[in-house]
A.B. asks: 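One structure is given below, represented as structure tokens, and several questions about it will come after.
Basis for what follows: all heavy atoms, side chains included, without hydrogens, waters or symmetry-related copies. Remember, it's a predicted structure, so these values are computed and weren't measured experimentally.
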Amino acid sequence: MKELRIDFENPHQMGALVGRGEEHLKTVERAFGVSIVSRGHQLKIMGAEEGLEKSRALFAELAAAAREGSPIRGHEVKYAIRTLQKHREKEMTGFLNDRIKVASRRSYVSPKTGGQKAYVDAIRGNDIVFGIGPAGTGKTYLAMAMAVEALLTERVSRIILTRPAVEAGESLGFLPGDLYEKITPYLRPLYDALYDMMEVSQVQRHIERGTIEIAPLAYMRGRTLNDSFIILDEAQNSTAAQMKMFLTRLGFDSKTVVTGDITQVDLPGHRQSGLVQVQGILEGIKGVAFAYFTEHDVVRHELVQEIIRAYARADQKALRRGGGRAR
């Protein structure tokens, strides 16, 4: 058994790394088969060489985040551990230090995976970004955080959030209530993400003033959106015509983020998804970026990754049998 000693700069940094009730240390011990003792500003880690090296790499990344004042959350430690266990050390570097300023009590949002970090960087560097991948990978959540930060720092004067009103074959005409009551359930996920970024009273004030607008995709027709941060969510359920219409709304000093999961298309009949089609049309255009997520970027319950893999295997089996896409 070998021993590794790591010294840290101050008690705050050490406290962030250890976690409440030393929960982070216990997580690392179980993952890497090591024993960790915390004393003052120092961690003493004992175990096999491989476990010590992974521990060294992990705590170096966590310490860099702690130096910036970032709290270290349990799911962040677990993701970093999974990344190291799969020998993807380069993917882990830097994502914990990236902070997106929001107006809620949490004060900032950070990408949690290498894929999320690449997505955030793409949004910063391009006017149109497509985030494509499975549920739980933070596509909409991070786009919302970037939109709120842009509004707070006055890089844009408004946020526009939109979705196609298409879900699993349901028809708006058969839903009870007036048009607003029929549409609201389809837009609820956007409200949920927004309320996590800003206080409820702030959101209501912005909506009343028109600095935040949440509307169905059909309402975008005929408009030119200047000085805006625009998010199209669930874009796999937009038709090819709707996608073209939406993308051509982009005005001066605006940024657009389009998110969706091309394995979950709910368009009726054999209508082509605009999100599927656009990948071949806009590829290679300067100022347009595509960010692709995998199950490795899922930041929900760990079982969600397993569920996504299981469905992917089922899809592949169906294709091999010539039965089309499994749903």
Side-chain angles (χ1 to χ4, degrees), residues 1-100 105-120 134 136-138 141-142 293-310:
M1 181 176 291
K2 295 187 177 182
E3 182 179 299
L4 169 67
R5 293 176 185 263
I6 304 177
D7 293 302
F8 298 99
E9 297 172 358
N10 57 59
H12 172 77
Q13 186 183 28
M14 188 69 170
L17 294 170
V18 169
R20 184 179 300 175
E22 298 194 341
E23 61 173 335
H24 299 339
L25 300 188
K26 294 171 185 175
T27 299
V28 176
E29 286 179 329
R30 290 192 296 269
F32 296 149
V34 297
S35 176
I36 306 176
V37 177
S38 169
R39 290 178 181 172
H41 298 179
Q42 186 182 80
L43 290 180
K44 183 171 74 171
I45 309 173
M46 295 159 287
E49 185 172 353
E50 183 180 4
L52 295 183
E53 286 306 309
K54 281 184 167 51
S55 298
R56 187 200 303 275
L58 175 69
F59 283 115
E61 186 68 25
L62 296 180
R67 278 196 296 272
E68 297 295 323
S70 304
I72 307 299
R73 301 180 178 93
H75 66 269
E76 294 171 334
V77 175
K78 290 177 181 177
Y79 177 82
I81 286 171
R82 291 199 300 271
T83 302
L84 286 167
Q85 287 173 330
K86 294 173 182 177
H87 305 288
R88 300 202 311 269
E89 290 84 350
K90 291 182 180 179
E91 184 178 314
M92 185 179 71
T93 302
F95 70 81
L96 289 175
N97 299 320
D98 194 337
R99 296 192 290 178
I100 306 165
R105 293 176 183 174
R106 64 188 301 166
S107 76
Y108 72 92
V109 171
S110 294
K112 301 296 187 295
T113 72
Q116 289 189 354
K117 168 65 173 167
Y119 177 55
V120 168
T137 50
Y141 195 81
L142 287 170
F293 297 85
T294 71
E295 73 272 9
H296 300 303
D297 298 302
V298 171
V299 291
R300 293 181 182 171
H301 194 288
E302 292 178 9
L303 274 177
V304 175
Q305 288 192 0
E306 296 302 322
I307 291 168
I308 291 169
R309 292 191 191 103

A.B. asks: Of the non-hydrogen atoms in L58 and A80, which two are nearest, and what is the gap between them?
C.D. replies: CD1-CB, 3.4 Å
A.B. asks: Using 0.5 Å steps for rounding, measure from the CZ atom of R39 to the CZ atom of R5.
C.D. replies: 7.5 Å
A.B. asks: Between S55 and V28, which heavy-atom pair has the shortest distance, and what is it?
C.D. replies: OG-CG1, 3.9 Å
A.B. asks: For a side chain to side chain contact (heavy atoms under 4.5 Å, CB included) with I36, tell me which candidate from V18, L43, I6 qualifies.
C.D. replies: L43
A.B. asks: What heavy-atom pair brings H24 and L17 nearest, and what distance separates the two atoms?
C.D. replies: CB-O, 3.2 Å
A.B. asks: If I compare all heavy atoms of P134 with all of E295, which pair ends up nearest, and what's the gap?
C.D. replies: CG-N, 4.3 Å
A.B. asks: Is a side-chain donor or acceptor of E3 paired with a backbone partner of K44 at a separation under 3.5 angstrom?
C.D. replies: no
A.B. asks: To the nearest 0.5 Å, how far apart are CD1 in I45 and CD in E53?
C.D. replies: 10.0 Å
A.B. asks: What's the shortest heavy-atom distance between K26 and G21, and which atoms?
C.D. replies: NZ-O, 3.2 Å
A.B. asks: For Q116 versus D297, what's the shortest heavy-atom pair and its separation?
C.D. replies: NE2-O, 3.7 Å
A.B. asks: How would you list, by chain and number, every residue that makes a salt bridge (charged side-chain N to carboxylate O under 4.0 Å, His left out) with E23, sequence neighbours excluded?
C.D. replies: none
A.B. asks: For a 4.5 angstrom cut-off between non-hydrogen side-chain atoms, does L25 reach F59?
C.D. replies: yes
A.B. asks: Going by salt bridge (Lys or Arg N to Asp or Glu O under 4.0 Å), E49 matches just one of K54, K2, R56. Which one?
C.D. replies: K2
A.B. asks: Are the side chains of V298 and F293 in contact, using a 4.5 Å heavy-atom criterion?
C.D. replies: no
A.B. asks: Does any non-hydrogen side-chain atom of T137 lie less than 4.5 Å from one of Y119?
C.D. replies: no
